[in-house]
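Each remark here refers to the structure printed beneath this line.
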Amino acid sequence: MNINLTLIGQIITFVIFVWFCMKYVWPPISGALAEREKKISEGLNAADRAREELERAKAEAEQILRETREEASHIVEQARSRSNKMVEEARENARAEGQRMIDNAHSEIEQELQSAKAALRAQVSSLAVRGAERILESSVDEKQHADLLDKLTAEL
Amino acid sequence: MASGSYISHHLQNLVFGLSPEHGWSFAHTAEEAAAMGFWSINVDSMFWSILLGLVFLVLFRRVAKKADTGVPSGIQNVVEMAVEFASGIARDSFNGKNPLIAPLALTIFVWVLLMNSMEFLPMDLIPSIAGLLGIEHMKAVPTSDVNITFGLSISVFFLILFYSLKVKGIGGFAKELSFQPFNTPFLIPFNLVLELVNLIVKPVSLALRLFGNIFAGDVIFLLIAMLPFWIQWALGVPWAIFHLLIIPLQAFIFMMLTIVYLSQAHEHH
């Protein structure tokens, strides 16, 4: 239990050990720890940033999708209305054309009728004139008369 | 008396020194060791102290050499935990910046812990092996030797004086000793006595606290070892479990108080 040189020996040992620890043990380990801490915090930051980015991209994609969908439905709507209009127009055109053709046909028939009537009238009159001439030329006998009239009627 | 000699035999260091009768030799009895006086050395304490310190340094140095920022594993985890523990306490308890404090705290904690942990070995194991090798006395727990604990605490004391003088200057340090706790010129002698006692008590209490705890643990283990073998467990187990607490606690207290004392030494008033 007596104090002796061990005390001095321990002091020297202590000084050497602390010096060694401070010089060769502490800096590499604490440096590595600090480095790792930095790396981990950087990693966490990067993860956070990536998550934010993802969120933003997702929102953007959704926005684009919504706009596209709107546009598509708009286009479809437009197409539908235009096709309706076209069909309507075509129908209208067809109806007008038909009407016109019918009208044309009517007027043609009318014309045809008029010209036929005129021709007939002309023929009747010429026949009448010819008949009258014949009657005047030949003696008027009943029999001949009747023949003539028959011919006339047949001709009519 | 058999039990008395058993205890005193186990509490006797292996002392090498200049004996008045035999010249340079190992002391065979406590009286011979005492007769050698200051110029002798406790070979066993020194051996175990240096060996355990080297265990600490070699282990930590090996991890330090291949320390990287990757995922740590195995012994690297333990070492990094110890380093983070020491640096955390140094950061929390030490006001100011000094690159010495954290490595100092780490060295003290791990070294004292290892030295205290020698107590976990069976009382008779190392002395028996030493006996087979022809060595008469062998105390395997360095911290149950006052020389070792005072060696640590006096080193800390020198650091306290060094940093007090460096940070405050001679005038500042003298002023601190003279004008506390009573800030009046009339009470300078009184203050001086109080503060010097306060200063001297730091290393003494530091050393004696560690020594007392570990030495007492040793003695109680020795007493338990003298019980009949079939009842030893009844006291041995609780005492060993208690020491699971005491051993790291004393290492922690030594480290913590060292940091606190050095922090006080760095404080300006």
Side-chain angles (χ1 to χ4, degrees), chain A residues 1-70, chain B residues 11 13 15-17 30 33-34 36-43 45-46 49-50 53-54 56-57 59-61 63-72 76 79-80 82-84 86-87 99-100 102-104 106-108 110-111 142 145-152 154-156 158-159 215:
Chain A
M1 212 52 57
N2 26 353
I3 295 287
N4 58 22
L5 272 181
T6 315
L7 177 75
I8 310 294
Q10 177 70 4
I11 290 176
I12 295 167
T13 313
F14 182 69
V15 169
I16 293 171
F17 282 3
V18 169
W19 169 81
F20 185 88
C21 179
M22 189 180 160
K23 188 105 184 175
Y24 296 108
V25 171
W26 190 266
I29 296 181
S30 74
L33 286 178
E35 191 98 343
R36 185 180 310 139
E37 208 166 279
K38 213 173 91 191
K39 231 169 87 179
I40 289 173
S41 88
E42 270 171 10
L44 287 176
N45 271 349
D48 270 352
R49 260 201 316 277
R51 194 160 38 233
E52 256 168 45
E53 202 91 338
L54 182 67
E55 208 96 325
R56 200 164 337 122
K58 240 184 219 168
E60 206 167 309
E62 207 156 302
Q63 171 80 10
I64 289 173
L65 203 65
R66 202 169 46 234
E67 276 173 10
T68 312
R69 207 172 281 147
E70 255 168 35
Chain B
L11 294 181
N13 280 108
V15 185
F16 181 80
M36 287 173 180
F38 184 76
W39 297 103
S40 57
I41 189 156
N42 296 348
V43 179
S45 296
M46 231 35 259
S49 161
I50 292 173
L54 286 178
F56 153 61
L57 287 177
L59 180 70
F60 275 57
R61 176 64 189 156
V63 170
K65 254 198 239 164
K66 56 181 183 192
D68 56 12
T69 57
V71 180
Q76 198 187 345
V79 167
E80 284 183 0
V83 169
E84 276 187 330
S87 78
L100 172 69
L104 177 73
L106 179 71
T107 308
I108 288 177
V110 180
W111 195 14
D145 180 349
V146 270
N147 290 294
I148 297 295
T149 60
F150 266 106
L152 292 172
I154 286 174
S155 307
V156 171
F158 285 148
L159 283 175
F215 184 76

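Computation of the quantities below employed the complete heavy-atom set of this structure, encompassing side-chain atoms and omitting hydrogens, waters and symmetry-equivalent molecules. The shown structure was predicted, so the numbers you read here are calculated from the model rather than taken from an experiment. In the text below, chain A, chain B and the rest are named by the order of the sequence lines, each starting its count at 1.
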Nearest heavy-atom neighbours spanning [X] and [Y]:
X	Y	result
A:Ile29	B:Phe60	CD1-O, 3.8 Å
A:Pro28	B:Arg61	CG-NH1, 4.2 Å
B:Phe56	A:Cys21	CZ-SG, 4.1 Å

In terms of heavy-atom pairs under 4.5 Å, which option from [options] contacts chain A the most?
options	result
B:Glu84, B:Met36, B:Met46	B:Met46
B:Ala67, B:Ala102, B:Ser87, B:Gly37	B:Ala102
B:Ser40, B:Pro72, B:Ala34	B:Ser40

inquiry  = For the CD atom on A:Glu67, are there more than 12 heavy atoms of other groups (residues, nucleotides or ligands in this structure) within a distance under 6.0 Å?
reply    =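 Yes, the 6.0 Å shell around CD holds more than 12 heavy atoms from other groups.
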inquiry  = Evaluate A:Trp26 against B:Thr107 for side chain to side chain contact (heavy atoms under 4.5 Å, CB included), listing each step before the verdict.
reply    = CA-CA 10 Å; A:Trp26 190 266; B:Thr107 308; over 6 Å; no
remark   = Applying a strict 4.5 Å limit to non-hydrogen atoms, the region of A:Ile40 in contact with chain B is neither
Worked verdict on A:Phe14 versus B:Leu104 for side chain to side chain contact (heavy atoms under 4.5 Å, CB included) = CA-CA 10 Å; A:Phe14 182 69; B:Leu104 177 73; 3.7 Å; yes
inquiry  = Could you check whether any side-chain heavy atom of A:Val18 comes within less than 4.5 Å of a side-chain heavy atom of B:Pro103, counting everything from C-beta outward?
reply    = no
Does any heavy atom of chain A fall under 4.5 Å from the side chain of [X], the backbone, both, or neither of them?
X	value
B:Leu159	neither
B:Ile154	side chain
B:Ala30	neither
B:Leu100	both

request  = Check the pair B:Phe38, A:Asn2 against side chain to side chain contact (heavy atoms under 4.5 Å, CB included), reporting the backbone distance first and the verdict last.
outcome  = CA-CA 8 Å; B:Phe38 184 76; A:Asn2 26 353; over 6 Å; no
query = At what distance, to the nearest 0.5 angstrom, does OG1 of A:Thr13 lie from CD1 of B:Ile148?
reply =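 Atom-to-atom, A:Thr13:OG1 and B:Ile148:CD1 are 7.5 Å apart.
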Gap between atom CD1 of A:Ile3 and atom CG of B:Asp145 - 0.5 Å precision =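 Here the rounded value is 8.0 Å.
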Step-by-step side chain to side chain contact (heavy atoms under 4.5 Å, CB included) determination, A:Asn4 to B:Trp39 = CA-CA 6 Å; A:Asn4 58 22; B:Trp39 297 103; over 6 Å; no
ask   = Among A:Ile12, A:Val15, A:Leu33, which has the most heavy-atom pairs under 4.5 Å with chain B?
value = A:Leu33
key: Any donor-acceptor N/O pair, A:Thr6 side chain to B:Asn42 backbone, under 3.5 Å   = yes
note = The single option from B:Pro142, B:Ser49, B:Ser45 that satisfies side chain to side chain contact (heavy atoms under 4.5 Å, CB included) with A:Gln10 is B:Ser49
